[in-house]
Novice: 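Handing you a structure now.
Note that these values count all heavy atoms, side chains included, but never hydrogens, waters or copies made by symmetry. Computed from a prediction, not measured in an experiment: that's the story for all the values here.
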Amino acid sequence: MTPETRHLIGSAILARARRGGVLVNMSRREVVDHDAVRRSLDEGLLDGYGCDVLDPALDVELLQHPRVLSTPHIGGRAADVQEEIAHAALAAIVVWAARVPR
């Protein structure tokens with residue numbers, strides 16, 4: 001997440017999208033302006049919004065919207081993914097340790 005990618009998908013982009021499309025966000029929550037998505041859904045610009053990054057405390061209106069499908073952001077919690085993450089972390093530590101003067 002960077003200042004340049006915050007609300008990268010907002011009113012301007014959604015207004016240029018083909019009417020009746022479906023937006024799927026599987027990146028960071030803040031990449032999409034959720035107020036703009038809600039307005040686009042209400043105005044019929046978007047037919048649907050799917051994501052795995054909504055915050056129940058912040059995105060109440062979207063979570064209750066009939067054309068929003070939200071799933072838990074749990075892809076990285078699968079055992080095989082956790083094993084790959086552990087191997088990548090260990091490899092990074094080995095590289096770092098090799099650079100540290102002794």
Novice: Are side-chain heavy atoms of Val22 and Val24 found at a separation under 4.5 Å?
Specialist: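 The answer is yes; the side chains approach within 4.5 Å.
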Novice: Rounded to the nearest 0.5 Å, how far apart are CZ of Arg18 and CG of Asp47?
Specialist: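 CG of Asp47 is found 10.0 Å from CZ of Arg18.
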Novice: Looking at Ile13 and Leu8, what are the two nearest heavy atoms and their distance?
Specialist: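 Closest pair (atom of Ile13, atom of Leu8, distance): CG1-O, 3.6 Å.
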Novice: Using side-chain heavy atoms (C-beta onward) and a distance below 4.5 Å, is Tyr49 in contact with His65?
Specialist: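 No. Closest side-chain heavy atoms not under 4.5 Å.
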Novice: Is the closest side-chain heavy-atom distance between Leu14 and Leu46 below 4.5 Å?
Specialist: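 Side chain of Leu14 against side chain of Leu46, heavy atoms only: contact under 4.5 Å found.
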Novice: Taking side-chain hydrogen bond (donor to acceptor under 3.5 Å, both in side chains) as the definition, give me every residue that meets it alongside Arg29, ordered by chain and number, with sequence neighbours left out.
Specialist: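 By the side-chain hydrogen bond (donor to acceptor under 3.5 Å, both in side chains) rule, Arg29 matches Asp59.
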Novice: Rounded to the nearest 0.5 Å, how far does NE2 of His34 lie from SG of Cys51?
Specialist: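 Interatomic distance, Cys51 SG to His34 NE2, rounded to 0.5 Å: 5.5 Å.
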Novice: I need the Leu69 CG to Leu62 CG distance, nearest 0.5 Å.
Specialist: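 It is 12.0 Å, given to the nearest 0.5 Å.
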Novice: Out of curiosity, Leu23 CG to Ile9 CD1, how far, rounded to the nearest 0.5 Å?
Specialist: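 Leu23 atom CG to Ile9 atom CD1 measures 6.5 Å (nearest 0.5 Å).
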Novice: Tell me whether the count of non-hydrogen atoms from other residues, nucleotides or ligands lying under 6.0 Å of CD in Glu30 goes above 12.
Specialist: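 Yes.
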Novice: Donor-acceptor pair, Asn25 side chain versus Arg28 backbone, under 3.5 Å?
Specialist: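 A pair under 3.5 Å: yes.
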Novice: Is a side-chain donor-acceptor pair under 3.5 Å present for Ser11 with Arg39?
Specialist: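 Present: a donor and an acceptor within the cut-off.
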Novice: Please round to the nearest 0.5 Å and tell me the distance separating atom CG of Asp52 and atom OG of Ser70.
Specialist: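 It comes to 7.5 Å.
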